[in-house]
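Let me begin by presenting the structure, written as structure tokens, before commenting on it.
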Amino acid sequence: MTATGCGDTSSEISQDEYITADTAVEGTASENCPQETTAKSELSAEIPAEAVTKKTEVTTVNDEISSITVCYLNNHDDVLLKIKVDPETGEETIDSRIEYLYDENGSMSYEKINSRILGESENYYKYNENGDNIRVEGKENEKTSFELDMIYDSNHHQYAAHEIIYDPGTDYNEILSDNKTDYSDCEFDDNGNITFIRYSNQKYSSVSMTYTEENYPLSSISCYSDYGKEEGADYALIQNAKYNDNGDLMSLDIILMPDPDTERIVRTKELRYDEEGRMIYIEDNYISKNKLTVTEYEYEDLKQAD
């Protein structure tokens, strides 16, 4: 729904961490958004005037460079211009340009993405009184492409969502998928944190969660609903997190329980930050897949002309 790469690099415990690999939505490029491969001197003229930071992201997979992305950020740390760099030739290609509007609280209310691959799209954001993003509506060609509604606990932890994806190319916006978090009951602790959810129609039968004294997600145990129904079905997925004094996620261990008596670490994450709290390193080790992905970030403050 939003442009990927150089975007929000924050991490939080998710019950789909082990299942979900890094993905990007594929689509047909708009005729109005052709591929733009430009010399570096010409690309400098494309840098938005409101850009205050240049962010370079280099990702390696098993010690081989897989991608290089350069982003120019505004004073909200949102991406204005994203450029892909060919790891072998150094050729730079404009991937997307993004425009934003913000509400009186500084929260993003509108996002317009002009993507080389996906064409042009718009996102509209709504928030509750606690500042949680409770709704996103996407549009393509002035037709709704998706609707996403979210529910949070008192400490901004999302625990339920309803997403409908439409085909904006159809006259009646045909529904392509309708995914809703269906749960029969849930529990909260004295601080308002969601601690238990029992699902009625999900791949998990239940999820239990614990938190630090500062209300950061510390661990979660997701029990699979199909355990015992199919031979070899997994029993549960455990995630354990550690934080620094600023509340930044430092590490995440993902443990698979094939049965109630066996635990096996299948994935680990390590994260590092600079003195300003900006993420500079992510190591994502898929132990079960023998895949080590490392992403390093560099930042350059841009001097704005008077």
Side-chain angles (χ1 to χ4, degrees), residues 1-14 17 20 22 24 43-44 46-61 63 65-85 87 92 94-103 105-109 111 113 123 125 127 131-133 155-158 212 214-218 239 241-253 267-285 292-305:
M1 313 308 177
T2 60
T4 57
C6 278
D8 181 14
T9 50
S10 62
S11 296
E12 187 166 316
I13 291 181
S14 165
E17 275 283 2
T20 305
D22 296 330
L43 277 176
S44 62
E46 300 283 348
I47 300 173
E50 60 269 38
V52 298
T53 305
K54 177 183 178 182
K55 180 179 180 181
T56 302
E57 171 185 320
V58 180
T59 298
T60 62
V61 178
D63 295 327
I65 297 178
S66 64
S67 67
I68 301 174
T69 305
V70 177
C71 291
Y72 291 88
L73 316 179
N74 62 14
N75 57 4
H76 292 267
D77 288 332
D78 291 322
V79 177
L80 298 167
L81 175 67
K82 183 170 70 171
I83 298 170
K84 291 290 189 179
V85 182
E92 297 184 341
I94 294 178
D95 183 87
S96 58
R97 296 181 178 87
I98 311 175
E99 302 173 22
Y100 305 94
L101 293 176
Y102 300 89
D103 63 20
N105 297 316
S107 300
M108 186 190 304
S109 59
E111 178 182 36
I113 305 170
N123 295 324
Y125 297 85
Y127 303 84
D132 301 315
N133 177 205
N155 293 299
H156 316 292
H157 306 127
Q158 180 189 329
T212 67
E214 296 81 13
N215 298 315
Y216 303 130
L218 182 62
Q239 299 186 68
K242 293 182 180 179
Y243 300 84
N244 61 19
D245 293 338
N246 297 322
D248 300 315
L249 180 66
M250 296 297 294
S251 68
L252 182 67
D253 291 341
R267 185 178 176 188
T268 62
K269 278 189 175 183
E270 177 186 344
L271 304 90
R272 302 173 192 166
Y273 306 83
D274 63 15
E275 294 179 352
E276 298 183 33
R278 300 178 299 192
M279 186 178 297
I280 58 174
Y281 180 89
I282 303 178
E283 179 180 296
D284 196 349
N285 189 3
L292 177 64
T293 300
V294 174
T295 302
E296 297 182 84
Y297 305 88
E298 292 184 357
Y299 302 86
E300 177 184 343
D301 295 329
L302 304 176
K303 294 182 180 180
Q304 302 298 307

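Only a predicted model underlies this, so the values are computations on that prediction, with no experimental measurement involved. Residue numbers count from 1 along this sequence.
By the side chain to side chain donor-acceptor pair (under 3.5 Å) test, N74 is found to be paired with Y102, residues two or more places apart in sequence or in another chain being considered. For T212, the side chain to side chain contact (heavy atoms under 4.5 Å, CB included) criterion is met by E214, Y216, L218, Y243, not counting sequence neighbours. Considering only residues two or more places apart in sequence or on other chains, N244 meets the side chain to side chain donor-acceptor pair (under 3.5 Å) condition with D248. By the side chain to side chain contact (heavy atoms under 4.5 Å, CB included) test, L101 pairs with S109, Y110, sequence neighbours left out. When the salt bridge (charged side-chain N to carboxylate O under 4.0 Å, His left out) test is applied to E270, the partners found at least two apart in sequence or on another chain are R272. Residues forming a side chain to side chain contact (heavy atoms under 4.5 Å, CB included) with E276 (at least two apart in sequence, or on another chain): D274, R278.
Rounding to the nearest 0.5 Å gives a distance of 9.0 Å between CD1 of I83 and CZ of R97. Note that OG1 of T60 and CG of L292 are 6.5 Å apart. Values are rounded to the nearest 0.5 Å. Here the CG-NZ distance, from D253 to K269, works out to 12.0 Å after rounding to the nearest 0.5 Å. The CE atom of M108 lies 9.0 Å from the CG atom of N133; values are rounded to the nearest 0.5 Å. If you take OG1 on T56 and OH on Y297, they are separated by 12.0 Å, rounding to the nearest 0.5 Å.
Side-chain atoms of Y127 and N105, non-hydrogen and from C-beta on, never get closer than 4.5 Å to each other. The closest side-chain heavy-atom distance from I98 to D78 is not below 4.5 Å.
Within 6.0 Å of CG on D63 lie no more than 12 heavy atoms contributed by other residues, nucleotides or ligands.
The minimum heavy-atom distance linking A241 with P217 is given by the pair CB-O, 3.8 Å.
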